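Data first, discussion second: the structure below is written as structure tokens.
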Amino acid sequence: MAANIEIERIKYFQGKLLAWWKDHGRHFPWREEFLSDYELIIAEILLQRTKAETIANYYKIFLESYPSWQSLAAARESDLAFLLKPIGLYNQRAKRISALAKSMKQRGFIIPHDRTLLDEIPFMGQYIANAVELLIYNQAKPLLDVNMARVLERYFGPRQKADIRYDPYLQSLAHEILVDVNAKEINWAILDFAALICQSRTPKCLTCSLSINCKYYKNNKN
DNA sequence: AACGCGGGGCC
DNA sequence: GGCCCAGCGTT
């Protein structure tokens, strides 16, 4: 009954993680209540390939310069790139954010519920589309980024494909760990746990409350 | 499957 | 100096 064992592992993983998060969860401006759809989506874009702490100090600056889809759609790409400079990826991000804002303007600033329509919006990749469904439409979707992937792979086992987006194992596992818990909380818990404990280069296995059942820990303990 | 993008933080 | 970071579109 390998399937049942895996279910038990998932339940243990969820319980320990949420218990840890209750005491150690991080606090960020984009996790506040009552943010607009615009503010939520901008946060996800700024966060791409960029440390959350970096964006925590920058988020407000961006929103003050461009408080709405309208202002963003009207912006010159060069101005946008200049503002984005401190956080990196600025030329690419300026181009893509601009295209996204103009597309939103065309759509009457309405974010579609339907995933197929969501995916048609430029710069609306898998991660951001999941974030929209999770944070705006309250669906159980994973924030499956490089950090969540690392935690899942260490605890449950390695991926099958190089690219997270097309890996069936990581994709299904990331959905399974959302079952029977608050999806928003467990997503944030995993991201925080990845940043504070299950770090890429120096995982803190000695203070990790999940290490007993972790494959990575079992394989590496001396 | 592999690549470029990018500054800043941390060894 | 190298590695890493709430990815993505492109080739």
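The sequence lines fix the lettering, A, B, ..., with proteins before strands; numbering per chain opens at 1. Predicted, not measured: the structure shown is a model, and the values here were computed from it.
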Atom pairs and distances, donor-acceptor, side-chain atoms in residues 198-205 of chain A, under 3.5 Å, two or more places apart:
residue: A/Q199; atom: OE1; partner: A/T202; partner atom: OG1; Å: 3.2
residue: A/Q199; atom: NE2; partner: A/A195; partner atom: O; Å: 3.1
residue: A/Q199; atom: NE2; partner: A/L196; partner atom: O; Å: 3.4

Quiz item: Hey, what do you get for CZ (A/F28) to CG (A/L191), rounding to the nearest 0.5 Å?
Solution: 9.0 Å

Could you tabulate the donor-acceptor pairs under 3.5 Å formed by side-chain atoms of residues 80-93 of chain A, not counting sequence neighbours?
residue: A/R93; atom: NE; partner: A/G88; partner atom: O; Å: 3.4
residue: A/R93; atom: NH1; partner: A/I45; partner atom: O; Å: 3.0
residue: A/R93; atom: NH1; partner: A/L46; partner atom: O; Å: 2.8
residue: A/R93; atom: NH1; partner: A/Q48; partner atom: O; Å: 3.3
residue: A/R93; atom: NH2; partner: A/T50; partner atom: OG1; Å: 3.0
residue: A/R93; atom: NH2; partner: A/I87; partner atom: O; Å: 3.3
residue: A/R93; atom: NH2; partner: A/G88; partner atom: O; Å: 3.1

Quiz item: Quick one: salt bridge (charged side-chain N to carboxylate O under 4.0 Å, His left out) partners of A/R159, sequence neighbours excluded?
Solution: A/E153

Self-check item: Listed partners of A/K105 passing salt bridge (charged side-chain N to carboxylate O under 4.0 Å, His left out), at least two apart
Solution: none

Determine the interatomic distance between [atom1] on [N] and the same-named atom on [M]; round to the nearest Å.
N	M	atom1	answer
B/dC5	C/dC5	C1'	13 Å
B/dG7	C/dT10	C1'	23 Å
B/dG4	C/dC3	P	15 Å
B/dG6	C/dC4	C1'	12 Å
B/dG8	C/dC8	P	23 Å

Rounded off to whole Å, could you give me the [atom1]-to-[atom2] distance for the [X] and [N] pair?
X	N	atom1	atom2	answer
A/D119	C/dG7	CG	C1'	14 Å
A/R49	C/dC3	CZ	P	13 Å
A/I164	C/dC4	CD1	P	13 Å
A/R93	B/dG8	CZ	C1'	12 Å
A/K51	C/dA6	NZ	P	6 Å
A/L100	C/dC8	CG	C1'	12 Å
A/N147	C/dC4	CG	P	12 Å
A/E53	C/dA6	CD	P	7 Å

So which protein N/O to nucleotides 9-11 of chain C N/O distances come out below 3.5 Å?
residue: C/dG9; atom: OP1; partner: A/F123; partner atom: N; Å: 3.4
residue: C/dG9; atom: O4'; partner: A/R96; partner atom: NH2; Å: 3.2
residue: C/dG9; atom: N7; partner: A/R165; partner atom: NH1; Å: 3.2
residue: C/dG9; atom: O6; partner: A/R165; partner atom: NH2; Å: 3.1

Self-check item: Qualifying ring-ring contact (aromatic ring centres under 6.0 Å, His included) pairs with a residue from residues 157-187 of chain A, counting only residues at least two apart or across chains
Solution: none

Quiz item: Hey, does the side-chain of A/R201 have a donor or acceptor N/O within less than 3.5 Å of a partner on the base of C/dC3?
Solution: yes

Quiz item: Taking DNA chain C as the partner, which of residues 78-91 of chain A come within under 4.0 angstrom of it by heavy atom?
Solution: none

Quiz item: Quick one, which residues of residues 54-76 of chain A touch DNA chain C with a heavy atom under 4.0 Å?
Solution: none

Practice problem: Verify whether one side chain among A/Q171 and A/Q126 offers a donor that lies under 3.5 Å from an acceptor in the other. | Solution: yes

Quiz prompt | Test side-chain hydrogen bond (donor to acceptor under 3.5 Å, both in side chains) applied to A/D163 - qualifying residues, sequence neighbours left out | solution = A/R165

Quiz item: Does A/D192 have any side-chain hydrogen bond (donor to acceptor under 3.5 Å, both in side chains) partners at least two apart in sequence or in another chain, and if so, which?
Solution: A/W21, A/R26, A/R31

Self-check item: Distance-minimising heavy-atom pair for A/L170 and A/A149
Solution: CD1-CB, 4.0 Å

Quiz prompt | Results of ring pair (Phe, Tyr, Trp, His ring centres under 6.0 Å) for A/Y137 - residues two or more places apart only | solution = A/H113

Quiz item: With sugar-phosphate meaning primed atoms plus P, OP1 and OP2, does A/L191 contact a base, only sugar-phosphate, or nothing at under 4.0 Å between heavy atoms?
Solution: base

Exercise. Look at all strands and tell whether A/R31 reaches a base, only sugar-phosphate, or nothing, counting heavy atoms closer than 4.0 Å.
Key: base

Quiz item: Is there a side-chain polar atom (N or O) of A/Q48 under 4.0 Å from OP1 or OP2 of C/dC8?
Solution: yes

Self-check item: Residues which pass side chain to side chain contact (heavy atoms under 4.5 Å, CB included) with A/N57, listed by chain and number, not counting sequence neighbours
Solution: none

